[in-house]
Number of protein chains: 2
Amino acid sequence: MTDTLREPAQAGAEEPTAQAGPRVSVTPPGALAAGAGDGLASVRPGEALAAAVRDVLDGLAAGAARRGGPVPAETPEALAARVARTLAETRGEEALGRLTELLAYGAADPADPACAAHLHCPPLAVAVAADLAVSALNPSLDSWDQAPAATELETLLLRELAGLAGYPGTAAGVLTSGGTESNVMGLMLARDRVLERVTGEPVQLRGLSGRVRPRIFASAAAHFSVRRAAALLGLGEDAVVAVPVDRELRMDPAALDRALREAARRGEPPVAVVATAGTTDTGAIDPLPACAALAAEHGAWLHVDAAYGGGALLSDRLAPLLAGVELADSISLDWHKLGWQPAAAGVFLVRREETYASLARRAAYLNPADDEEAGYPSLLGRSLRTTRRADAFKIAVTLRTLGRDGLGRLVDACHDLARAGAAAVRAHSRLELHTEPVLTAFLFRYLPRDPGRADEVNAALRRRLLREGLAVVGRTELPADHASGTGGGRVRLKLTLLNPHTTAVEVERLVRLVASAGEAEEAGLS
Amino acid sequence: MTDTLREPAQAGAEEPTAQAGPRVSVTPPGALAAGAGDGLASVRPGEALAAAVRDVLDGLAAGAARRGGPVPAETPEALAARVARTLAETRGEEALGRLTELLAYGAADPADPACAAHLHCPPLAVAVAADLAVSALNPSLDSWDQAPAATELETLLLRELAGLAGYPGTAAGVLTSGGTESNVMGLMLARDRVLERVTGEPVQLRGLSGRVRPRIFASAAAHFSVRRAAALLGLGEDAVVAVPVDRELRMDPAALDRALREAARRGEPPVAVVATAGTTDTGAIDPLPACAALAAEHGAWLHVDAAYGGGALLSDRLAPLLAGVELADSISLDWHKLGWQPAAAGVFLVRREETYASLARRAAYLNPADDEEAGYPSLLGRSLRTTRRADAFKIAVTLRTLGRDGLGRLVDACHDLARAGAAAVRAHSRLELHTEPVLTAFLFRYLPRDPGRADEVNAALRRRLLREGLAVVGRTELPADHASGTGGGRVRLKLTLLNPHTTAVEVERLVRLVASAGEAEEAGLS
C-alpha cells in the first residue's frame, strides 16, 4: 500500500486542483481561507485556535469586570434589550470577543461568593481546559472510529466511578447530560425489566400494553424529573406515588412499605423505588438500606438519584451518609454539581451490565457485528443518544489531577461553609433556619413583622437582590404538610454552597445581606 | 442596603476566618489553594485558566504530531492498553497535558482529509473557543438566575434558526444533544397531541392506555433513533411502519399513502409521519411537500429529521432541496454536522409554540409563578433536560462571525468535494458508485474479483485502513431490497465530506487509497 494520504496530506493544501470530472465545480484551494473566521480548531491549520482562545480569555475578563458582582445589576428586560442590541450590531471577526464579553457580563457567576442559589458549581480551570481539548478534537462516542481513545477512557473512568460507589466488577454505565437523563435511563430499564416479567412482552418492541397499571415510588421531595420521566416513558406522571417525608425531607420508610403493600393489593406492579441521596433543597438522603430491602421484597428496581449527594462519596467525612447506595440497581451521579465540572457531566451506573440489555442496538453504519468481532468496541448501546461528546475526559483529568482526596477536601470545605451559613442564620433574630445542612445547602427564611406576608416578602427580597446585582440566592417551597414554623408559609430561601474558595466570613456576610434585603423589602411594601 | 458583598467580595479571600459557630470547622483560607489544580476557571482567581489552556494547546499539538495521520496506526487492543497504562501512571499537575496528548494521539481527527466516515465534522476554531467561554462561566438554562444573558441569547438564536427554516413568528424550540433527542421530542409531542385527541386523556398524566395501537410512519432508511424513540416513549419499536424507499433511499410517497390508509382501516391512529431530510448514508431527502400533505390528510404530526440536511438551508445552491420543511410541525437540525460546531449542537424547532404545551412544568425552585410574572423568563418547559449547557452560544458566535453566506460557502465546498469523490469512484474500474451525492456523502464499494466476497472484502478493507492509520472510511449496509448491482451484497463504503478545507485532489487520493486497500485485502484473503 504505497498510495497513501498519510505523508502527502500534510502538505496537501498546496497542491493544485486537478482531474475534476465534468459535473464537478471545485472551490479552488485558498478561496475558503480568505473568508474570515473559518479556521478549524484542529492544530494542523495552525494558530486559529490559539488566537480565538486569546479573544475568549480577554472577553471573559472584560465582561466580568463590567459585571462587577455575581450577576448584572439590571432588570431582565434591560438585560434582554442589551443582548438583542449587541447581537444585532455584531458581525465578523469581532463577534467572538464581543459576544464572550456579553456572555460574561450577563452571567450569574458561580465563582462569586454571593452566587449561591443552585446546584450550579464554579468549574475548575483544569476541567474547563480539558473540555476545550474535547471541543477541539470533537470525538463522538457512538462509534470507535469517531473516538478511539475516548472510548477506552470512558470505559475505564466508569469502572473507577462504579468502584467509588461500591459497585462490583459487573457494573456498567455511561455519561449523561445530567440527573434528569440518568433518571430517565434508570426508570426506562426498570419499566422494561419489570413489565416484561409481569406481562411476558418485550416493552421496547411491543410498547406498553395498558393491561397493568405500573407504579413508581419516590418521596414527596424527589426531583421533579422523576415525574417527568414517567410522563416521557408513557407511564404517566400519575404512576408516581409520592411517599411522605419527614421534616428534613427524607422519605419515611414505613410510609414506603405501606404504599408498596397497597399497590400490591391493587395488582399494580411496582416498577421502581426511587431513593434520593441529596434532595435539591435540603440535601436530604433517603434511608437507602431500608429502601433497598423494600424494593427487593416487592421485586421493584431500586434507582438512587444521587445527582447531588453522590459527591459525598469523595469525602471520608460524608461518605458514610451514602451507605447502601451500592445496593441500588442503578445510580445517577452529577459531576457538574459536587464535582466542579462544567455542564454536562452526568453519570449513570447500573450494578449489573446485563440489566442494560433493553438499550442494545445494532446500526449498520455504527457497530456492525463483524467490526465488534474484530475487536472494535461500541458504546452505542450504553446511551439514549447517538452523537455523544466525550464528557468523561474532563472528569478523568480532574480525578487524576486532584485525586479523590483533593476533591474530598473541596467537598468538606463546602460542607463547612454550609454549616457556617446555617450558624449565621441561627444567630440572626430575623432569620429562621429550616433544618441543619446535610451536605452543602440549607433552607431558611426572613421573618417579616407581619407573618402573613412571609412568602411574599421572601420571594420579593430574592428578586431585589438579583435586580440590584448583589446576590443570587435560591428560593423554593416546602411540601404543604411541612409549612410549619412561625406564621406558616411555604416559601423558603436557600443557600447552596459549591464554591470551596468562598470563606465563612463571606457566607456570613451573604446571610446578613439577605436580612437587610428583607428589611428593605418590608419597608417598601408597608 | 449598605451591607453588600458587591465591593468587599473582590478582596474577600484575604480576610481572616472569624465568628464561626461552635459546630463549624472552617478550612483556613489559602489551605485549598495550596492543593494542586483546584483553581477555578472564572477569571477572578487569576491565571489558572490561561495556564491550563496553554497545557491543552501544547498537548493537542504533541498528540497530533505523534498520531501523524487521521487515526493512530494501531489495533484497538494496543490503543486500549496504551490508554490504560497512561491513565494508571498519570497523577497531579501533569495530568492535563499528558491526558490531552493521549486524547489527541488517540483521536480520529475529523480535520484530517482522510477522516471521512461519519457526520462528524471538524469544528471551527471560533466555535471551539466560544464553547470554552461557556465551560468557564457554566451557565445552565434551566433557570434565568443561572444564565441571564444566555437565556436571551438562546431565545434570539432560535428565532433566527426558525426563520432560516421558513417558520413563522409563532415558532419555538430548544437546543438539544442532537438529532436523537430532537426526534424523541418531536415524537413525544406528537404522541401526546394525537393520542389526547383520540382517547380524550392527557398522556403526560395518565400514560398510555393500551386501548389503541398508535403508529409512526418513517422510511426504511430513516435514522434508527426513530425506532429507539418509539421504544423509549412506550409505543414500542413495532409501532414504526417502515415505508419503502427508492434506490436513492428516498421515501416513496405512494407507499406512504397506502401505509396510512391501511392503518386507518385497522383503526390504528397515525401519531406521526417522520420525513428524513438527509439520510445518514446517502443524504437522501424525502419528498417533503407530499409527506406534509399526507400527514395533514390523516391528522398526523409531521416531524422532519433534518439533522444532516438542515445544513442545506445555509446554501443558496442546496436550500431548494428542503422546500416544504416549513410545513413540518417539528424539525431536527444538527449544527454539529453541517454547521462545524463541536458536539453537542442539536436544535429542535416546533412551528407553533402552543404545541409545546405537554412539556411545560413548574418547579418551585426553578420557575415559581411570581418570578415569571415579575419578568424573569424560564426555558425549563422547552427541554427534556434540567441542567442544560448553553450550546446556543457557539452557534450564535459562528453565525455572527461567518454569516449565513460564509457558512453556505463551507456547505458548497463540501458538496463539491462529494461530487469530486463520486467522479473519482465512477472513473475507477474496481469501484462501484451507488448513487450520486445529494449533499456531501455518497456510498460506493470495491469490486473484488470474486463477487461473492464483496461484503467481506469491503468490511475488511475498511478495518485495514483504520488499523494502519491511513484512513477513516464509513461502512454501512443497503436495505435488503436494494442490494442490487454487480454480484449483490449489501455492504457499502461511505465517504462523508465535512471538511471544507480538504481539496478535490485529496479526496481523489483517498478514493484510490480505498481501491489499493481492496487489492491488498483480496491478496491477503486469497
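All chains are named by letter (A, B, ...) in the order of the sequence lines, taking the proteins before the strands, and each is independently numbered beginning at 1.
With no hydrogens or angles considered, no side-chain donor-acceptor pair links Arg389(B) and Ser177(A) at under 3.5 Å.
The part of His118(B) that comes within reach of chain A is its side chain, from C-beta onward, which places non-hydrogen atoms under 4.5 angstrom from that chain. Using a 4.5 Å cut-off between heavy atoms, Ala117(B) touches chain A through its side chain atoms alone. Residue contact with chain B, scored on non-hydrogen atoms closer than 4.5 Å, is absent for Asp55(A). If you measure heavy-atom distances from Val203(B) to chain A, the contacts under 4.5 Å come from the backbone alone. When heavy atoms are compared at a cutoff of 4.5 Å, Val472(A) approaches chain B solely by way of its side chain, counted from C-beta outward. Heavy atoms of Tyr376(A) lying under 4.5 Å from chain B belong to its backbone as well as its side chain. With a threshold of 4.5 angstrom between heavy atoms, Asp370(A) approaches chain B through its backbone and through its side chain. Residue Thr386(A) touches chain B through both its backbone and its side chain, counting heavy-atom pairs closer than 4.5 Å.
Counting heavy-atom pairs closer than 4.5 Å to chain A, the top residue among Arg211(B), Arg91(B), Arg361(B) is Arg361(B). Residue with the most contacts toward chain A among Gly236(B), Gly210(B), Gly474(B): Gly236(B) (heavy-atom pairs, distance under 4.5 Å). Highest contact tally toward chain A, considering only Pro76(B), Ala374(B), Ala239(B), is held by Pro76(B) [criterion: heavy-atom pairs under 4.5 Å]. For the set Gln146(B), Glu152(B), Met188(B), Gln204(B), the count of heavy-atom pairs under 4.5 angstrom toward chain A peaks at Gln146(B). Put simply, of Asp145(B), Leu208(B), Leu235(B), Val53(B), the one with the most heavy-atom pairs under 4.5 Å next to chain A is Asp145(B). Annotation: maximal heavy-atom pairing with chain A below 4.5 Å, among Pro110(B), Ser225(B), Gly375(B), Gly178(B), occurs at Gly375(B). Interface remark: of the candidates Gly207(A), Ala149(A), Ala125(A), Ala125(A) forms the most heavy-atom pairs closer than 4.5 Å to chain B. Note on Ser143(A), Pro368(A), Pro377(A), Ala396(A): by heavy-atom pairs under 4.5 Å with chain B, the leading option is Pro368(A). Annotation: maximal heavy-atom pairing with chain B below 4.5 Å, among Thr387(A), Val128(A), Val397(A), Thr100(A), occurs at Val128(A). Note on Leu232(A), Thr476(A), Val56(A): by heavy-atom pairs under 4.5 Å with chain B, the leading option is Leu232(A).
Taking the charged nitrogens against the carboxylate oxygens, Glu237(B) and Arg228(B) have no contact shorter than 4.0 Å, which rules out a salt bridge. Salt bridge status for Arg419(B) with Asp416(B): present, with a side-chain N to carboxylate O gap under 4.0 Å.
The main-chain N or O of Val71(B) is never found under 3.5 Å from a side-chain atom of Asp109(B) such that the two would form a donor-acceptor pair. No donor-acceptor pair closer than 3.5 Å links the side chain of Arg400(A) to the backbone N or O of Gly92(B).
Taking all atoms of both residues into account, the shortest heavy-atom contact from Thr401(A) to Ala95(B) is OG1-CB, 3.5 Å. When all heavy atoms are compared, the tightest approach of Phe393(B) to Ala130(B) is CD2-O, 3.5 Å.
Within the 4.5 Å cutoff, no side-chain heavy atoms of Asn138(A) are placed close to those of Pro122(B). The shortest distance between side-chain heavy atoms of Glu181(B) and Arg385(B) falls below 4.5 Å. Between Val83(B) and Leu156(A), the closest side-chain pair of non-hydrogen atoms falls below 4.5 Å. Residues Leu233(A) and Leu233(B) have side chains not in contact (no heavy-atom distance under 4.5 Å, counting atoms from C-beta outward).
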